[in-house]
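Following: one structure in structure tokens, then a few remarks.
Within every chain, numbering begins at 1; the chains are lettered A, B, ... in the order of the sequence lines, protein sequences first and strands thereafter.
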Number of protein chains: 2
Amino acid sequence: MHKEAYELSERKKLILRTIIDAYIAGGEPVGSKFLTTNKRITLSSATIRNEMAELEEMGYLTQPHTSAGRIPSEKGYRFYVDSLMRNYRLSSDELRALNNLVQNKISELDSVLEYAGRLVSSLTNYTSLTVKPRTDAVKILRYKILKLNSDGFLLIMITATQTVKTKYIHMTSATDDDGLIRLERALNELMCDIDMNTVTMPLMMQLQAQLVGYDSQVSPVMRCIYEAANESDSGDLKLDGVNRLLQYPEFNNIDTLSSMLEVLERKEDILDVVSKSDKRLINIYIGNEIELAAMRHTSLVFKTISSGSHVVGAIGVIGPCRMDYSKVITTVEYLTLGIAGMISDEEEDSDIYDGYE
Amino acid sequence: MHKEAYELSERKKLILRTIIDAYIAGGEPVGSKFLTTNKRITLSSATIRNEMAELEEMGYLTQPHTSAGRIPSEKGYRFYVDSLMRNYRLSSDELRALNNLVQNKISELDSVLEYAGRLVSSLTNYTSLTVKPRTDAVKILRYKILKLNSDGFLLIMITATQTVKTKYIHMTSATDDDGLIRLERALNELMCDIDMNTVTMPLMMQLQAQLVGYDSQVSPVMRCIYEAANESDSGDLKLDGVNRLLQYPEFNNIDTLSSMLEVLERKEDILDVVSKSDKRLINIYIGNEIELAAMRHTSLVFKTISSGSHVVGAIGVIGPCRMDYSKVITTVEYLTLGIAGMISDEEEDSDIYDGYE
DNA sequence: AATTAGCACTCTCGGGTGTTAAGTGCTAAT
DNA sequence: ATTAGCACTTAACACCCGAGAGTGCTAATT
């Protein structure tokens, strides 16, 4: 699969994997002597040292200083994630917690994501992130007008993405029922399924023409429609368990921590990364693999949740490069699949999206 | 106003104020020698030392260790805020930034709060917080039913707080228009302006009775109404500029920082404090004045934004006890007033709340 | 030819020590 | 009542030293 796979002997792979496992678990540089305690490695420390020196030369390991053990480099982690890592088996407790959330069928996606974030953070002990995707400008398929009282009416818009938006519109001058019916008809004739940025003067004039006598209503209505169509939910990123990062020695340094918090606060950047990501597979960014300079010492793992063809959210984890990738990946994948299933179940009940905001 | 005001000679007050001003500005314990450089104080360091010793005995100052200068105690800060502090004058740059936000009439309250938070944080250099209040279970004043297609209809609910909620309801069995009209009428007769927790069996049976032939529709509708009424927007707290706290030496200690982040993550606690606060004046909590143990070393300043009689949000600042109270108070008050004004302007345009989510 | 034992070397970490600077409290003089 | 002067306390910093961990290299062993 990878060129590197042929570059390394089985023995080197074993040593590399053992080192990375140990470093992920303990967080301290791993020395040759420690490796001799591993049952699967029956070599003297000297031989291991030679192998480690070669692995370092090849770029899989680095040394914090000459008299310390080795720690994985980014290339090392990458190879580990791609080829070496063992599958994590969720414990029964963990499974129970995860299933609990999925089966508990909380109807609103927002709260599902909130609980999911909290759960992922507590299970993995890293910071979790949940994303609600941005919804771009949207086309409106159909209009309904509902007179509420003598002062105004409710404009109901059904969008192309099968959601409903409503706006209350205050009537500047009394408009009789006939006017509202004509307005509704005119909107449905002229303003359906078009890109709001292409509304031109001729169209506007046509609209005005159809509504002679009620044209004072047109401009507030148009404003509302325009707003509703462009209400781009710019995407929402929520984090949970930020303070968990503090327990890892790599963030005991104030500078590292500071740059980390800065990243977490630049939510647009993270949203950008998520929006540009693979929508079907799990995404793993290790250290500098992400373009953000301040994320040099952190890794990001996430997966989007899809319902049918469209993305409804994403769940992931942010933590140190020394992350328990195996556990994180398993947890995130299990949960995203579960939530996707839960949503598609729900959609069987109702074709249109039930409950929106 | 305060008993303490009589306890202190003018000279003590001058010394105390000068110490607190200096400590807020510099963050380092203030010694007697430094105070002699102040033009308004024409005393020798020895005299000042005596006064400082007395102020310490009275509880306004403390000493980190015997050979350090003095720092204000919580009592000291409290007295400073209540009686000693000078008014801060916003600079023209600051005024411009603040006015810019207020005059820029962004229509959605959400984005206004978001920008306001960012602005407050950047102007004061502390962490800002913005709160959208929780909306409790709500009574529904009126129902409208709108048939969208043969599969289902839209249930529109106008609430007592003048907002509109809609739910799409899937029809299990085909229901003709007459059924929907009768459903709407029955809901408006029986289910208006009542507390959802008091819906009793007799009421349910009455409802069923009015809808003979269509009763299969009743239970999903009831479920939706119940959900809509109890969709308690549990309040939303957003923070901005968390990383700014790192620049203050009081948070250079990992433990302090950790407990701080923990507090920031327990948003419910902060929401609680805000919801129980004074709705008209600015609220200032210094250190332990707040019940949360982990906030021992932080202060919280905030003010709610009201439109007419109801609270639409709150803006504030979290920072070290050594906070530039004067600047923070002025900034927060100016901005909350500005936003309140901006909202009430808007409400002149439309009686009902225009644009909700 | 591959592996291993042995050893000199390097580097960090923690503890101990001495010095410096800041600031105090007290006493006696003004 | 105020102040000068002085002895005292303490944190902070720099410095040194030894212990411990781990390495790379060489020579011996399998």
Side-chain angles (χ1 to χ4, degrees), chain A residues 8-16 18-20 22-23 25-73 76 249-250 252-254 256, chain B residues 8-16 18-20 22-23 25-73 76 249-250 252-254 256:
Chain A
L8 293 179
S9 67
E10 285 305 314
R11 195 169 77 178
K12 278 204 179 55
K13 286 188 200 170
L14 175 62
I15 289 174
L16 182 55
T18 313
I19 290 174
I20 299 185
Y23 185 64
E28 295 197 344
V30 182
S32 57
K33 197 173 169 191
F34 173 82
L35 292 179
T36 60
T37 66
N38 185 298
K39 270 164 279 164
R40 303 196 47 191
I41 301 178
T42 53
L43 294 166
S44 75
S45 62
T47 314
I48 296 173
R49 276 202 289 283
N50 289 329
E51 292 285 52
M52 284 164 83
E54 284 179 47
L55 282 167
E56 179 167 1
E57 211 171 335
M58 295 163 102
Y60 294 99
L61 295 175
T62 54
Q63 242 179 330
H65 55 84
T66 48
S67 77
R70 301 303 208 290
I71 63 177
S73 67
E250 31 271 87
N252 268 3
N253 177 326
I254 294 279
T256 322
Chain B
L8 294 179
S9 67
E10 285 306 313
R11 194 168 79 178
K12 279 203 178 59
K13 284 189 200 170
L14 175 62
I15 289 174
L16 182 55
T18 312
I19 290 173
I20 299 185
Y23 185 64
E28 295 193 347
V30 182
S32 56
K33 198 174 169 189
F34 172 82
L35 291 179
T36 60
T37 65
N38 184 298
K39 268 164 282 163
R40 304 196 46 190
I41 301 178
T42 52
L43 293 165
S44 76
S45 63
T47 314
I48 296 173
R49 276 202 290 284
N50 289 329
E51 292 284 54
M52 284 164 85
E54 284 179 46
L55 281 167
E56 178 166 4
E57 210 172 336
M58 294 163 104
Y60 294 100
L61 296 175
T62 54
Q63 242 179 331
H65 56 83
T66 49
S67 77
R70 301 302 207 293
I71 63 177
S73 68
E250 31 270 88
N252 268 3
N253 177 327
I254 294 280
T256 321

What is the distance, to the nearest angstrom, from the CZ atom on A:R49 to the P atom on D:dC25? 11 Å
Could you tell me whether the side chain of B:Q63 and the main chain of B:A68 form a donor-acceptor pair under 3.5 Å? yes
Atom of B:T62, atom of B:P72 and distance for their closest heavy-atom approach: OG1-O, 4.3 Å
What I'd like to find out is whether the side chain of A:L14 reaches to under 4.5 Å of the side chain of A:N38, using heavy atoms alone. no
Nearest-Å distance for atom pair CE/C1', residues A:M52 and D:dC25: 16 Å
Please check the phosphate of D:dG24 (OP1 and OP2 only) for any side-chain N or O of A:R70 closer than 4.0 Å. yes
Quickly work out the A:Q63 CD to D:dG22 C1' distance and round it to whole Å. 8 Å
Test of understanding: with side chain to side chain contact (heavy atoms under 4.5 Å, CB included), list the residues that count as partners of A:A46, not counting sequence neighbours. A:S44, A:R49
Heavy-atom check, side chain of A:R11 versus side chain of A:L43, under 4.5 Å: yes
Taking every non-hydrogen atom, the tightest pair across A:F34 and A:A22: CE2-CB, 3.8 Å
Check: A:L61 and A:I19 side chains under 4.5 Å, non-hydrogen atoms: yes
Strictly under 4.0 angstrom, non-hydrogen atoms only: write out the protein contact profile of nucleotides 10-21 of chain C, one letter per nucleotide from the 5' end, B, S or -. BBS---------
Between B:I48 (CD1) and D:dT3 (P), how many Å, whole number? 9 Å
Without decimals, in angstroms, what is the distance between A:I71 CD1 and D:dT23 P? 13 Å
May I ask you to list the residues of residues 32-39 of chain B, by number, that have any heavy atom positioned under 4.0 Å from an atom of DNA chain D? none
How close do B:E51 and B:S9 get, heavy atom to heavy atom, and via which atoms? OE2-OG, 4.4 Å
Between C1' on D:dG22 and CG on A:L61, what's the gap in Å once rounded to a whole number? 14 Å
Map every base of DNA chain C to its dot-bracket character, where paired means a Watson-Crick or G-U wobble contact with both distances under 3.5 Å and | marks a partner outside the strand. ||||||||||||||||||||||||||||||
Taking the side chain as every heavy atom from C-beta outward, state whether A:L55 and A:I15 have any pair of such atoms under 4.5 Å apart. yes
When you look at A:Y60 and A:L8, which way does the side-chain contact (heavy atoms from CB on, under 4.5 Å) test go after all the steps? CA-CA 11 Å; A:Y60 294 99; A:L8 293 179; 3.9 Å; yes
Quick check: closest heavy atoms across A:P64 and A:G69, and the distance to 0.1 Å? CD-O, 3.4 Å
With B:S67, which residues qualify under side chain to side chain contact (heavy atoms under 4.5 Å, CB included), at least two apart? B:H65
Distance, rounded to the nearest Å, where B:E54 contributes CD and C:dC26 contributes P: 12 Å
Is any side-chain heavy atom of A:V30 less than 4.5 Å from a side-chain heavy atom of A:L35? yes
Would you say that A:M52 contacts A:S32 through its side chain, given a criterion of any heavy-atom pair below 4.5 Å between the two side chains? yes
Can you check the B:L55 CG to C:dG25 C1' distance for me, whole Å? 16 Å
Under 3.5 Å, which protein N or O atoms sit close to an N or O of nucleotides 1-4 of chain C? Give each pair with its distance.
residue, atom, partner, partner atom, Å
C:dT3, OP1, A:R11, NH1, 2.9
C:dT3, OP2, A:R11, NH1, 3.3
C:dT3, OP2, A:R11, NH2, 3.3
C:dT4, OP2, A:S44, N, 3.0
C:dT4, OP2, A:S44, OG, 3.3
C:dT4, OP2, A:T47, OG1, 2.7
C:dT4, O5', A:S44, OG, 3.4

